[in-house]
Amino acid sequence: MGNAASCQEGDWEELPAGPIFRSVKELDVDELNALLKDPKWQARINDKDGDQVGALHILGINFTNSTYSKAEAIVQAFMKAGGDINLRNAHEETPLIVACCWGNYSVSRALVEAGCSVDAADWNGDTALNSAKRALEEKTYLPKDFLPKESCQKNLDLIQEALKKDRDTNVDAKRAEDMRLLGNQFYASKDFEKAAELYTNSLELYEDYRTYGNRAAAYIKIAWYRLFHNISGYKRHFQSAYDDSIKATGMEKTYEKGYFRGAKAMMGYRNFTQAKMRVKQGLKHCPESKVLQELLQQLNSFGVPDRIVNHLSENHRKVLHKLENGWVGEERCPWCELIVLEHPIPEHCPFCACDTGAEIDQAALVQLCMKDVLDIYTEL
């Protein structure tokens with residue numbers, strides 16, 4: 001969770017749903033049930049605080065005094081009042097993901113047994129399973145030895161078992177898979193818009209890294225079509241493809257195609273430094289990947305640097321502020337093609353970080369971007 005400390009603020013009374021937050025934080029089941037008898041408080045059941053965190057996210061953090069009986073009673077009270085036990089915070093984390101991150105087995109068990117979504121992914125593609133594994137391995141932002149090992153192991157066992165059971169019995173998962181396969185048929189027939197629509201519908205039923213990867217491929221095809229035909233929105237589709245690739249590899253770290261498609265999306269966007277970083281990320285998890293090795297060699301041959309732009313830097317913010325106020329630069333960056341350079345020309349582009357003085361074979365660079373555009377790692 002982004003900044004867990006800020007989610008434990010004690011002044012809940014300042015919030016419209018303050019009493020609900022306070023009763024959950026204090027694990028006061030009687031107070032919560034009393035509040036939720038009143039329609040006024042029932043209407044506030046899904047409220048979020050200033051950090052876009054819901055009360056059940058707070059429950060996931062608060063493992064100090066939580067017991068299964070209290071956690072179960074609070075989760076059941078929320079459901080009875082119409083609460084969403086899969087409510088997303090600002091990072092798209094569900095209460096289950098947060099509970100696993102914090103090693104809170106009592107809350108995880110209560111949520112799973114209440115039927116929460118076990119496979120849901122946050123904005124980085126991280127799931128409850130990923131969070132449970134990292135917590136057990138102490139690969140979180142929390143202090144070493146902070147999380148109870150036994151509880152973390154129980155969380156991991158719980159999530160793995162729930163996922164197995166979910167995939168065996170979940171009707172939505174089976175429908176989602178049928179929809180994904182139908183999307184593949186439309187993709188193969190080059191109806192990429194329909195394929196993307198079916199992948200989206202599939203993901204609404206059940207989140208699967210393969211479906212995110214498939215949709216990324218479809219978005220790339222759509223983006224290139226729009227670019228070829230001078231239709232607006234192509235950059236948005238390249239960005240969406242990249243975002244889907246992040247989700248896919250967040251859920252499955254060794255998903256080679258996810259890294260490849262993310263890199264190709266950024267190349268279409270003409271963000272070559274981001275594309276190179278995506279390839280290098282992929283090679284950390286897929287060191288034997290021939291397709292990623294080849295793409296890295298190609299990017300290196302053009303002199304794409306390893307650095308990326310610091311979007312918090314004074315220089316970047318100054319240029320961005322000028323652009324927002326209608327300014328147009330004097331020169332176009334030969335890499336990202338944005339008109340953001342002014343005399344004297346800076347050594348590096350403030351937007352893509354590439355060397356502005358490099359001699360670039362634009363035809364060869366475009367050819368590299370378009371390579372495999374008709375068959376972008378097509379084996380879905």
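Source: prediction; values computed, not measured.
Side-chain polar atoms of Y68 and E113 form a donor-acceptor pair below 3.5 angstrom. For the residue pair R88 and T94, no side-chain donor N or O sits within less than 3.5 Å of a side-chain acceptor on the partner. Side chain to side chain, Y219 and Q239 fail the donor-acceptor criterion of an N or O pair below 3.5 Å. Neither side chain, N130 nor K253, offers a donor N or O lying under 3.5 Å from an acceptor on the other.
Put simply, the side chain of M266 does not reach to within 4.5 Å of the side chain of R278, judged on heavy atoms. You'll find the side chain of V112 reaches within 4.5 Å of the side chain of L158, heavy atoms only. Counting heavy atoms from C-beta on, the side chains of M267 and L295 come closer than 4.5 Å. Under the 4.5 Å side-chain criterion, counting only non-hydrogen atoms from C-beta, L182 is in contact with F186. Proximity of T273 to M277: side-chain heavy atoms (C-beta onward) are nowhere separated by under 4.5 Å. The closest side-chain heavy-atom distance from N124 to E92 is not below 4.5 Å. C100 places a side-chain heavy atom less than 4.5 Å from the side chain of I159. In this structure, the side chains of M79 and V75 come closer than 4.5 Å at one or more pairs of heavy atoms.
Rounding to the nearest 0.5 Å gives a distance of 14.5 Å between NZ of K257 and OG1 of T249. Remark: Q367 CD to Q298 CD distance equals 10.0 Å, nearest 0.5 Å. A distance of 12.0 Å separates CD1 of I74 from CD1 of I58, quoted to the nearest 0.5 Å. A distance of 5.5 Å separates OG of S131 from CG of D126, quoted to the nearest 0.5 Å. Distance check: Q297 CD to L292 CG gives 11.5 Å after rounding to the nearest 0.5 Å. In this structure, H57 NE2 and N89 CG are separated by 4.0 Å, a value rounded to the nearest 0.5 Å.
Checked against the 6.0 Å centroid criterion, the rings of Y187 and F192 qualify as a close aromatic pair.
Counting non-hydrogen atoms of other residues, nucleotides and ligands closer than 6.0 Å to OH of Y225 gives a total of 12 or fewer. Heavy atoms of other residues, nucleotides or ligands lying less than 6.0 angstrom from CG of N230 number 12 at most.
If you run ring-ring contact (aromatic ring centres under 6.0 Å, His included) between W224 and each of Y269, Y234, F238, only F238 comes through. None of E161, K133, E137 except one satisfies the side chain to side chain contact (heavy atoms under 4.5 Å, CB included) rule with L156; the exception is K133.
Closest non-hydrogen pair, N214 versus R261, comes out as N-NH1, 3.9 Å. Across all non-hydrogen atoms, the minimal contact from K247 to E207 is NZ-OE1, 4.2 Å. Between N155 and N104, the closest heavy-atom pair is ND2-N, 3.5 Å. Taking both residues in full, the closest heavy atoms of A90 and D51 are given as CB-O, 4.0 Å, listed atom of the first, atom of the second, then distance. Annotation for T211 and Y199: closest pair CG2-O, 3.5 Å, computed over non-hydrogen atoms. Of all heavy-atom pairs between G82 and N46, the closest is O-ND2, 3.7 Å.
Between K174 and E177 there is no salt bridge, since no side-chain nitrogen of the basic residue lies less than 4.0 Å from a carboxylate oxygen of the acidic one. The pair D178-R175 does not meet the salt-bridge criterion, since no charged nitrogen lies less than 4.0 angstrom from a carboxylate oxygen. For K276 and D306, the salt-bridge test passes: some basic side-chain N is under 4.0 Å from an acidic carboxylate O. Ionic pairing of D28 and R22 is not present here: no N-O contact between side-chain nitrogen and carboxylate oxygen is shorter than 4.0 angstrom. Checked for salt-bridge contact, E150 and K154 meet the test: a charged N lies under 4.0 Å from a carboxylate O.
The hydrophobic clustering, which links ILVMFWY residues whose side-chain heavy atoms are closer than 4.5 Å, places F272 and L296 together. I97 and I246 are assigned to two separate hydrophobic clusters, defined by single-linkage of ILVMFWY side chains at heavy-atom distances under 4.5 Å. Hydrophobic cluster membership differs between L87 and L32, with clusters built from Ile, Leu, Val, Met, Phe, Trp and Tyr side chains linked at under 4.5 angstrom.
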Subject >> Worked verdict on Y259 versus V279 for side-chain contact (heavy atoms from CB on, under 4.5 Å) >> reply: CA-CA 6 Å; Y259 299 106; V279 172; over 6 Å; no
Original post:
Passes side-chain contact (heavy atoms from CB on, under 4.5 Å), S23 versus L35? Steps please.
Top reply: CA-CA 9 Å; S23 62; L35 286 170; 4.1 Å; yes
**OP:** Test side-chain hydrogen bond (donor to acceptor under 3.5 Å, both in side chains) on K80 and N33 and set out the steps.
**Re:** CA-CA 10 Å; K80 186 177 179 181; N33 282 325; over 6 Å; no
Original post:
Would D38 and Q42 count as a side-chain hydrogen bond (donor to acceptor under 3.5 Å, both in side chains) if you check the C-alpha gap in whole Å, the side-chain angles of each, and the deciding distance to 0.1 Å?
Top reply: CA-CA 6 Å; D38 187 335; Q42 289 179 17; over 6 Å; no
Subject >> Stepwise side-chain hydrogen bond (donor to acceptor under 3.5 Å, both in side chains) test for E252 and T254 >> reply: CA-CA 6 Å; E252 177 49 67; T254 60; 2.7 Å; yes
**OP:** Could you please spell out the steps behind the side-chain contact (heavy atoms from CB on, under 4.5 Å) verdict for L27 and L59?
**Re:** CA-CA 8 Å; L27 302 172; L59 182 65; 3.6 Å; yes
Subject >> Chi angles and distances behind the side-chain contact (heavy atoms from CB on, under 4.5 Å) call for L198, K194 >> reply: CA-CA 6 Å; L198 286 163; K194 184 62 177 179; 4.2 Å; yes
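Not one N or O on the side chain of E72 forms a donor-acceptor pair closer than 3.5 Å with the backbone of T67. Listed for the Y206 side chain is no donor-acceptor partner under 3.5 Å among the backbone atoms of A120. Of the possible polar contacts, none joining the S289 side chain to the C286 backbone as a donor-acceptor pair under 3.5 Å is found. A donor-acceptor pair under 3.5 Å links the side-chain atoms of S245 to the main chain of Y242, judged by distance alone. D122 places no side-chain N or O within 3.5 Å of a backbone atom of H91 that could act as its donor or acceptor partner.
Residues that satisfy the ring-ring contact (aromatic ring centres under 6.0 Å, His included) test with F78, not counting sequence neighbours, are absent from this structure.
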